[in-house]
2 protein chains.
Amino acid sequence: MNPVIEEQLKQAGLKITRQRTAILSLLIEGDVHLSAEQIYFALKTKGEAFGLATVYRTLTLLEQAGILAKTEIPGSGRQSYFYTAGGHRHQLLCTGCGRIILLKSCPAEAFLKAVEEEYDFAVTGHSFEIFGLCPDCRKKAGQEERHVH
Amino acid sequence: MNPVIEEQLKQAGLKITRQRTAILSLLIEGDVHLSAEQIYFALKTKGEAFGLATVYRTLTLLEQAGILAKTEIPGSGRQSYFYTAGGHRHQLLCTGCGRIILLKSCPAEAFLKAVEEEYDFAVTGHSFEIFGLCPDCRKKAGQEERHVH
DNA sequence: ATTGTAAATGATAATCATTCTCATTAAGGA
DNA sequence: TCCTTAATGAGAATGATTATCATTTACAAT
């Protein structure tokens with residue numbers, strides 16, 4: 001079992017339960033963003049059926065602890081959660097397969113500092129999400145397009 | 001009446017109705033981000049009571065036309081809409097009074113181009129929202145803090 | 001101006017993601 | 001192993017948003 005998972009839960013002062021471990025594991029090892037419902041059914045398929053309420057509770061808890069982040073994938077009408085890899089909050093979110101790709105650099109930080117001064121604005125939070133297709137899905141989309149023609 | 005409002009609706013191929021005009025006017029002239037419910041009650045107070053469903057419909061329509069953008073103000077649990085001033089999608093959103101402040105520069109564009117190439121990722125959309133307190137609210141918050149001590 | 005027609009609106013019911021409740025179960029320190 | 005407290009499960013409740021459909025309105029053509 002991935003030792004990162006227990007570590008993350010312990011650091012957040014959370015009890016280690018089967019449910020929390022399974023949910024975090026799914027997000028960390030899959031490298032994907034998933035909605036509560038997707039997680040619920042993924043676990044059910046694996047033979048680990050937890051209550052949907054527990055999934056929601058766990059996701060909210062892990063988000064508050066800074067372990068996960070959430071965002072609404074455009075057009076989905078629901079929230080998706082993903083692992084932030086130690087506070088790292090900037091990634092590419094594939095709307096095709098759900099993959100998330102960590103960005104090597106964080107462009108926002110320096111910019112936000114400049115904003116604070118230039119606009120006398122007390123920045124308390126920000127979101128910077130990039131949606132699109134990962135290399136694999138991009139390739140697939142290109143092939144399908146060719147089929148149509 | 002603000003000529004910008006009719007112009008925006010016409011350009012989007014939308015019929016000009018009392019309801020649409022009133023809703024857009026509220027957002028453009030107030031320079032604020034508002035939720036559907038806030039708009040509903042603001043109009044009711046003004047003596048212009050439209051159906052809540054119409055407010056939702058209009059907001060969705062204007063968002064699809066690119067005239068408005070929506071975002072979830074953290075912790076609010078609902079969507080807020082704001083005028084994008086001709087596709088301009090980057091602004092400061094005050095969580096105190098709702099004011100929105102247009103950014104003079106758009107830091108994301110150049111960065112996204114670089115992302116496309118470096119990660120072979122087909123960017124189809126992005127959100128970059130900055131939350132915080134505008135100069136006025138920042139001042140007020142500071143004063144209240146002093147009172148507490 | 002009047003009319004015709006498709007689109008917009010209003011009122012309310014329906015939907016559905018998310019949260020709450022509370023009885024039961026499990027985690028983990030003593 | 002026991003005890004205490006927190007976590008979970010199942011289903012009800014909530015509440016923001018969407019759908020329905022009868023009525024009204026915008027606006028192009030007459």
Side-chain angles (χ1 to χ4, degrees), chain A residues 1 5-26 33-44 46-65 67-81, chain B residues 1 5-26 33-44 46-65 67-81:
Chain A
M1 138 124 51
I5 294 166
E6 279 203 23
E7 203 177 307
Q8 291 272 22
L9 290 172
K10 270 187 191 156
Q11 276 188 11
L14 298 172
K15 284 189 184 168
I16 293 163
T17 66
R18 259 183 325 127
Q19 289 83 342
R20 290 171 182 174
T21 304
I23 291 170
L24 244 188
S25 164
L26 204 59
H33 57 84
L34 294 170
S35 68
E37 208 188 17
Q38 286 176 315
I39 290 171
Y40 175 74
F41 282 113
L43 292 175
K44 193 177 240 177
K46 273 192 171 181
E48 307 183 271
F50 304 137
L52 185 55
T54 300
V55 174
Y56 274 104
R57 262 190 303 239
T58 302
L59 290 173
T60 302
L61 212 60
L62 294 176
E63 190 211 349
Q64 284 168 353
I67 296 169
L68 301 180
K70 77 168 175 184
T71 190
E72 184 185 327
I73 302 297
S76 76
R78 70 192 63 185
Q79 301 296 130
S80 283
Y81 291 80
Chain B
M1 137 125 54
I5 294 167
E6 278 202 23
E7 203 177 305
Q8 291 272 21
L9 290 172
K10 269 187 191 155
Q11 277 189 8
L14 299 172
K15 286 190 182 168
I16 293 163
T17 67
R18 258 183 325 126
Q19 289 83 342
R20 289 171 181 174
T21 304
I23 290 169
L24 244 189
S25 163
L26 203 59
H33 57 84
L34 294 170
S35 69
E37 207 188 17
Q38 286 177 315
I39 290 172
Y40 175 73
F41 282 112
L43 292 175
K44 193 176 240 176
K46 272 190 172 182
E48 307 183 89
F50 304 137
L52 184 56
T54 299
V55 175
Y56 273 104
R57 261 189 304 241
T58 302
L59 291 172
T60 302
L61 213 60
L62 295 176
E63 190 210 348
Q64 284 168 352
I67 296 170
L68 300 181
K70 78 167 173 182
T71 190
E72 183 185 329
I73 303 298
S76 76
R78 67 189 67 184
Q79 301 295 129
S80 283
Y81 291 80

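Per chain, numbering begins at 1; letters A, B, ... match sequence-line order. Here the structure is a predicted model, which is why all the values come from computation and not from measurement.
Taking atom CZ of B:Arg78 as the reference point, atom P of C:dT18 lies 16 Å away to the nearest angstrom. Distance CG (A:Leu14) to C1' (C:dG28): 14 Å, rounded to an integer number of Å. If you measure from atom CD1 of A:Ile16 to atom P of C:dG29, you get 9 Å, rounded to the nearest angstrom. As rounded to whole Å, 11 Å separates atom P of C:dA8 from atom CG of B:Leu62. When rounded to the nearest whole Å, the span between CZ of B:Phe50 and C1' of D:dT25 equals 13 Å. A straight line from CD of A:Glu37 to C1' of C:dT15 spans 13 Å, rounded to a whole angstrom. Here D:dG9 presents its C1' atom at 11 Å from CZ of A:Arg18, a figure rounded to the nearest Å. The interatomic distance linking A:Leu43 (CG) with D:dT8 (C1') rounds to 14 Å, in whole Å.
Side-chain proximity of B:Arg57 to D:dT8, C:dT9, D:dA6: nearest is C:dT9. Listed nucleotides C:dT18, C:dG10, C:dT19 differ in distance to A:Gln79; the shortest reach to its side chain belongs to C:dT18. Closest to the side chain of A:Tyr56, from the set D:dA6, C:dC20, C:dT18, is C:dT18. Of all nucleotides listed (C:dT9, D:dT8, C:dT19), C:dT19 comes nearest to the side chain of A:Thr60. When distances run from any side-chain atom of A:Ala36 to the nucleotides D:dC27, C:dG10, C:dT18, the shortest one goes to C:dT18. When distances run from any side-chain atom of B:Gln19 to the nucleotides D:dA16, C:dG10, D:dA26, the shortest one goes to C:dG10. Among the nucleotides D:dA19, D:dT8, C:dG28, the one closest to the side chain of B:Ala53 is D:dA19.
A heavy-atom distance below 4.5 Å is not found between the side chains of A:Arg18 and A:Glu48.
Annotation for B:Thr58 and B:Arg20: closest pair CG2-CG, 3.8 Å, computed over non-hydrogen atoms. When all heavy atoms are compared, the tightest approach of B:Tyr40 to B:Phe50 is CE1-O, 2.9 Å. Across B:Tyr81 and B:Leu59, no two heavy atoms sit closer than the pair CD1-CD1, 3.7 Å.
Put simply, B:Arg20 has a side-chain N or O that comes within less than 4.0 Å of OP1 or OP2 on C:dT9. Applying the 4.0 Å criterion to OP1 and OP2 of C:dT9, one finds that B:Thr17 has a side-chain N or O inside that range.
Along DNA chain D, the nucleotide nearest B:Tyr81 and the nucleotide nearest B:Lys15 are compared for position; the residue whose nucleotide lies closer to the 5' end is B:Tyr81.
Here the rule is side-chain contact (heavy atoms from CB on, under 4.5 Å) with A:Leu61, and of A:Leu14, A:Leu68, A:Ile23, A:Ile67 only A:Leu14 fits it.
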